[in-house]
Amino acid sequence: MNALKIAATGMAAQQMRVDVISNNIANMSTTAYQPRVAEFADLIYQQYQTPGTLSSQTGSTVPAGIQIGMGVRPTTVSMEIVQGALSQTGGDLDLAIEGRGFFEIIQPNGESAFTRDGKFYRDAEGLMVNSDGHALADQITIPNDTNRLTISQDGEVVAYFDNATAGQTIGTLTLNVFANTKGLEALGGNLYRETEASGAPINGAAGTEGIGVMRQGYLEDSGVDVVEEISELIEAQRGYELNSKIITAADEMLAATTRIR
């Protein structure tokens, strides 16, 4: 009897699904978080009788056959690309992206990472940095005597000094897109790294077709739909329970077999 092993694969699959859902719900307040979805596929089949097998010397064929599946396996935990709602914060250095783009961040080891988290700060040297102190690749340095800062939808950063009505452009922020965004590697800290699956980043000016625009004074909310996650959680829990009942039923059948004299 393979039911014990088959049901065990089902329980393991539902357990992984719950793990993914719990991570989504834990990040329901994380800026620009992209929810994940666990996906599964059936395992190999024992072929007791292949469809199309000859069933007689006259050439009749079996229409359906006998194929017993051996369970389920996880295939991917993919990132769902969704545009989160924008929340107004009013912060000069808060930037939300409307579109597919990512900001490029330089990590301490010199490698690039990418993020949609637009919560930026100014460090002691005036550089625009993320919450971990990593600088934007565009290297925007804000002068100390800046009174006001504006960032346009296309990324132009303008500083205003004293009581002057005219500002001075101090740099331009760019965005990056990927051929396969789901292929990015999550690093934690709202950062992603390019992989062979994602393809190389395509850097461009905000506002160009498909790359998105920036909204100063806004942050992108998490893309988690709590109602949908709770529905998925209930479904996963029921799936886990059903698989455990199969193990119980199979165990009782085996016990009945041992009682036969």
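Counting begins at 1 with the first residue of the sequence. If you're wondering where the values come from, they're calculated on a predicted model, not measured in any experiment.
Taking 4.5 Å as the limit, some side-chain heavy atom of Tyr33 sits within range of a side-chain heavy atom of Val224. At least one side-chain heavy atom of Leu93 sits less than 4.5 Å from a side-chain heavy atom of Leu149. Counting only heavy atoms from C-beta outward, the side chains of Asp225 and Pro35 never approach each other to under 4.5 Å. By the 4.5 Å heavy-atom criterion applied to side chains, Asp94 and Leu219 are counted as neighbours. For the pair Leu86 and Glu98, the minimum side-chain heavy-atom distance is below 4.5 Å. With contacts defined as side-chain heavy-atom distances shorter than 4.5 Å, the pair Val18/Gln237 does not qualify. In this structure, Met214 and Leu173 have side chains that are in contact, with non-hydrogen atoms separated by less than 4.5 Å. A 4.5 Å side-chain heavy-atom check between Phe40 and Arg73 finds every atom pair outside the cut-off.
A chain of hydrophobic side-chain contacts below 4.5 Å, direct or via other Ile, Leu, Val, Met, Phe, Trp or Tyr residues, connects Ile97 to Ile202. Hydrophobic clustering of Ile, Leu, Val, Met, Phe, Trp and Tyr side chains at less than 4.5 Å, counting indirect connections, keeps Phe114 apart from Leu175. By the rule that hydrophobic residues join a cluster once side-chain heavy atoms approach within less than 4.5 Å of another member, Leu191 and Phe178 end up as members of separate clusters. Both Val226 and Ile21 are members of a single hydrophobic cluster when ILVMFWY side chains are connected at heavy-atom separations under 4.5 Å. Ile140 and Val158 fall into different hydrophobic clusters, defined by Ile, Leu, Val, Met, Phe, Trp and Tyr side-chain heavy atoms under 4.5 Å apart, directly or through other members.
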Practice task
Carefully, step by step, assess Gln34 and Val82 under the rule side-chain contact (heavy atoms from CB on, under 4.5 Å).
Solution key: CA-CA 7 Å; Gln34 304 291 305; Val82 297; 4.0 Å; yes

Exercise for the section: Check the pair Phe161, Gln168 against side-chain contact (heavy atoms from CB on, under 4.5 Å), reporting the backbone distance first and the verdict last. Expected result: CA-CA 8 Å; Phe161 306 97; Gln168 177 183 336; 3.6 Å; yes

Handout entry: Derivation and outcome, side-chain contact (heavy atoms from CB on, under 4.5 Å), residues Glu241 and Arg238
Key = CA-CA 5 Å; Glu241 289 176 357; Arg238 296 299 179 222; 3.1 Å; yes

Practice task
In sequence, state the C-alpha distance, the side-chain angles, and the governing distance for Lys5 and Met70, and then conclude on side-chain contact (heavy atoms from CB on, under 4.5 Å).
Solution key: CA-CA 8 Å; Lys5 295 179 180 177; Met70 300 306 294; over 6 Å; no

Practice task
Would you please test Glu80 and Arg36 for salt bridge (charged side-chain N to carboxylate O under 4.0 Å, His left out) and show each step?
Solution key: CA-CA 6 Å; Glu80 291 292 291; Arg36 271 64 169 182; over 6 Å; no

Practice task
Check the pair Glu220, Arg215 against salt bridge (charged side-chain N to carboxylate O under 4.0 Å, His left out), reporting the backbone distance first and the verdict last.
Solution key: CA-CA 10 Å; Glu220 182 183 358; Arg215 302 289 184 192; over 6 Å; no

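No more than 12 heavy atoms of other residues, nucleotides or ligands shown are found within 6.0 angstrom of CE on Met28. Other residues, nucleotides and ligands contribute only 12 or fewer heavy atoms inside 6.0 Å of the CE atom of Met253. Within 6.0 Å of NZ on Lys245 lie no more than 12 heavy atoms contributed by other residues, nucleotides or ligands. Residue Asn144 places its CG atom among 12 or fewer non-hydrogen atoms of other residues, nucleotides or ligands, all under 6.0 Å distant.
Between the side chain of Thr248 and the backbone N or O of Ser244, at least one donor-acceptor pair lies under 3.5 Å. At distances below 3.5 Å, at least one donor-acceptor pair connects side-chain atoms of Asp123 with backbone N or O atoms of Glu125. Judged by distance alone, the side chain of Glu194 and the main-chain N or O of Pro201 form no donor-acceptor pair under 3.5 Å.
Only one option out of Thr30, Asp117, Asn130 pairs with Asn190 in a side chain to side chain donor-acceptor pair (under 3.5 Å); it is Asp117. Of the residues listed (Phe102, Phe103, Tyr192), the one engaging Arg116 in a side-chain contact (heavy atoms from CB on, under 4.5 Å) is Phe102, and it is the only one.
Taking all atoms of both residues into account, the shortest heavy-atom contact from Gly91 to Gln216 is O-CG, 4.2 Å. Closest non-hydrogen pair, Ala250 versus Leu4, comes out as CB-CD2, 3.9 Å. Summarising the geometry of Ile81 relative to Thr181, their closest heavy-atom pair is CD1-CG2, 3.6 Å, with the distance given to 0.1 Å. Nearest heavy atom pair, residue Leu127 against residue Ala135, reads CD1-CB, 4.2 Å. Among all heavy-atom pairs drawn from Thr9 and Gly71, the shortest one is OG1-CA, 3.3 Å. Of all non-hydrogen atoms in Pro143 and Ile170, the two that sit nearest each other are CD-CD1, 4.1 Å.
Between the CD1 atom of Ile68 and the CD1 atom of Ile6 there is a distance of 7.5 Å, given to the nearest 0.5 Å. To the nearest 0.5 Å, atom CD1 of residue Ile230 and atom CD of residue Glu235 are 13.0 Å apart. In this structure, CD on Glu228 lies 9.5 Å from CG on Asn24, to the nearest 0.5 angstrom. Rounded to the nearest 0.5 Å, atoms CZ (Arg122) and CG (Asp92) are 8.5 Å apart. Interatomic distance, Ile105 CD1 to Ser112 OG, rounded to the nearest 0.5 Å: 9.5 Å. Between Leu187 atom CG and Gln107 atom CD the span is 5.5 Å, to the nearest 0.5 Å.
A donor-acceptor pair shorter than 3.5 Å cannot be found between the side chains of Ser198 and Asn180. Residues Glu39 and Ser78 bring a donor and an acceptor atom of their side chains to less than 3.5 Å of each other. There is a side-chain donor-acceptor pair under 3.5 Å between Ser87 and Asp221. Judged purely by distance below 3.5 Å, without hydrogens or angles, the side chains of Asp19 and Asn23 never pair a donor atom with an acceptor atom. Side-chain contact annotation: Thr195 with Glu185, donor-acceptor N/O pair under 3.5 Å absent. If you check the side chains of Thr169 and Glu156, you find a donor sitting under 3.5 Å from an acceptor. For the residue pair Tyr48/Gln46, the side-chain donor-acceptor check at 3.5 Å is satisfied. Side-chain contact annotation: Ser222 with Asn27, donor-acceptor N/O pair under 3.5 Å absent.
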